[in-house]
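Letters A, B, ... are given to chains in the order of the sequence lines, protein chains preceding strands, and every chain is numbered from 1. All values below were derived from every heavy atom in this structure, side-chain atoms included, with hydrogens, water molecules and symmetry-related copies excluded.
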Number of protein chains: 2
Amino acid sequence: MKYVYRNRTSDCPYELTLSLISKRWKPRILEVLAQQSLRYGDLKAALPGVSDKVLSAALDDLTRDGLLSRTSFAEIPPRVEYAMTPQGDSILTAIAALRDWAIRENGR
Amino acid sequence: MKYVYRNRTSDCPYELTLSLISKRWKPRILEVLAQQSLRYGDLKAALPGVSDKVLSAALDDLTRDGLLSRTSFAEIPPRVEYAMTPQGDSILTAIAALRDWAIRENGR
DNA sequence: CGGCATCCACACGGATACTG
DNA sequence: CAGTATCCGTGTGGATGCCG
């Protein structure tokens with residue numbers, strides 16, 4: 001059996017979902033944007049230590065994979081807003097189980 | 001807030017759980033062992049394409065992280081059995097939500 | 001402001017050969 | 001049988017500098 005999501009395929013449905021979210025910073029990006037939409041600079045400020053290259057690469061991935069929306073306003077200075085999509089929200093529900101596991105096992 | 005599991009810590013509970021399972025082959029190892037305990041050679045045969053080095057490194061990780069048990073029998077030829085621990089089973093329950101997400105989104 | 005280009009160092013997966 | 005040792009190519013993260 002092959003599982004498909006957009007351009008990705010895998011024999012293992014775990015792996016397919018993990019491939020969308022397991023890169024560095026992605027879980028935190030989703031965690032932050034789950035609370036509120038943010039523009040690029042605010043997002044970067046919320047993630048101390050991330051570089052522009054890595055952050056923009058992660059945002060590109062998440063946007064291309066349909067988990068985030070990217071809205072660019074034709075203003076000066078430029079403004080770009082990132083927000084969760086419905087698919088992003090649904091995957092957040094799925095990974096909430098991972099959060100709960102960590103909380104339940106906390107300290108062990 | 002800091003989340004702790006054995007030797008690992010993270011500010012983000014998603015990331016803590018993901019760090020345990022997101023390396024290559026780990027999801028499939030867990031998927032296979034969820035069905036039945038297996039010895040090393042059978043596990044390798046169930047994962048076409050994996051090398052000894054990578055497989056044994058992943059098994060070491062999972063064992064050290066308490067998700068798998070490793071039982072070595074003092075026989076000739078040697079026999080080593082890998083099986084899920086209760087913690088491994090509980091994390092499988094958590095990542096089942098990821099599997100369900102992939103299945104629900106399948107083909108989109 | 002919101003990136004991208006470049007460069008570097010290191011971690012990782014994979015192939016092969018060898019061993020208790 | 002169940003690994004370890006070694007080497008290698010690639011990918012990834014991070015730092016810095018520049019640009020529309």
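Closest non-hydrogen pair, B:Pro78 versus B:Arg39, comes out as O-NH2, 3.4 Å. The heavy-atom pair separating B:Ile21 from A:Leu18 by the smallest distance is O-CD1, 4.1 Å. In terms of heavy atoms, B:Arg64 sits closest to B:Arg6 at O-NH1, 3.2 Å. Counting all heavy atoms, side chain and backbone alike, B:Lys26 lies closest to B:Ser19 at NZ-O, 4.4 Å. Of all non-hydrogen atoms in A:Ile91 and A:Thr17, the two that sit nearest each other are CD1-CG2, 3.9 Å.
The pair A:Glu105-A:Arg108 meets the salt-bridge criterion, since a charged nitrogen lies less than 4.0 angstrom from a carboxylate oxygen. A:Asp65 and A:Arg8 are joined by a salt bridge, as a carboxylate oxygen and a charged side-chain nitrogen come within less than 4.0 angstrom of each other.
In this structure a side-chain-to-backbone donor-acceptor pair under 3.5 Å is missing from B:Ser10 to B:Pro13.
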Can you give the donor-acceptor pairs under 3.5 Å from side chains of residues 92-104 of chain A to other protein atoms, not counting sequence neighbours?
from	atom 1	to	atom 2	distance (Å)
A:Thr93	OG1	A:Asp89	O	3.1
A:Trp101	NE1	B:Ser90	OG	2.7

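Between the CZ atom of B:Arg79 and the P atom of D:dA2 there is a distance of 9 Å, given to the nearest Å.
Counting only heavy atoms from C-beta outward, the side chains of B:Tyr82 and B:Leu33 approach each other to under 4.5 Å. Between B:Asp61 and B:Lys23 the shortest side-chain heavy-atom distance falls below 4.5 Å.
Near DNA chain C, meaning a heavy atom under 4.0 Å from it, residues 53-78 of chain A has A:Lys53, A:Ser56, A:Arg70, A:Pro77, A:Pro78 in order of number. Remark: B:Lys23, B:Arg24, B:Trp25 in residues 22-48 of chain B come within less than 4.0 Å of DNA chain C through at least one heavy atom.
When the nearest nucleotides of DNA chain C are assigned to A:Val80 and B:Val50 by heavy-atom distance, the more 5′-ward of the two goes with A:Val80. Residue-to-nucleotide proximity on DNA chain D shows that, of B:Tyr82 and A:Asp52, the 5′-proximal contact is made by B:Tyr82.
The ring pair (Phe, Tyr, Trp, His ring centres under 6.0 Å) contacts involving residues 14-67 of chain B comprise nothing, where partners must be two or more places apart or lie in separate chains.
The C1' atoms of five pairs define one axis at each end of the helix from C:dC1-D:dG20 to C:dG20-D:dC1, and these two axes lie 50° apart (to 10°).
Taking 4.0 Å as the cutoff to heavy atoms of chain A, we find the contact window on DNA chain C bounded by C:dC1 to C:dC7.
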Passes salt bridge (charged side-chain N to carboxylate O under 4.0 Å, His left out), B:Glu81 versus B:Arg70? Steps please. CA-CA 6 Å; B:Glu81 285 246 349; B:Arg70 178 187 184 278; over 6 Å; no

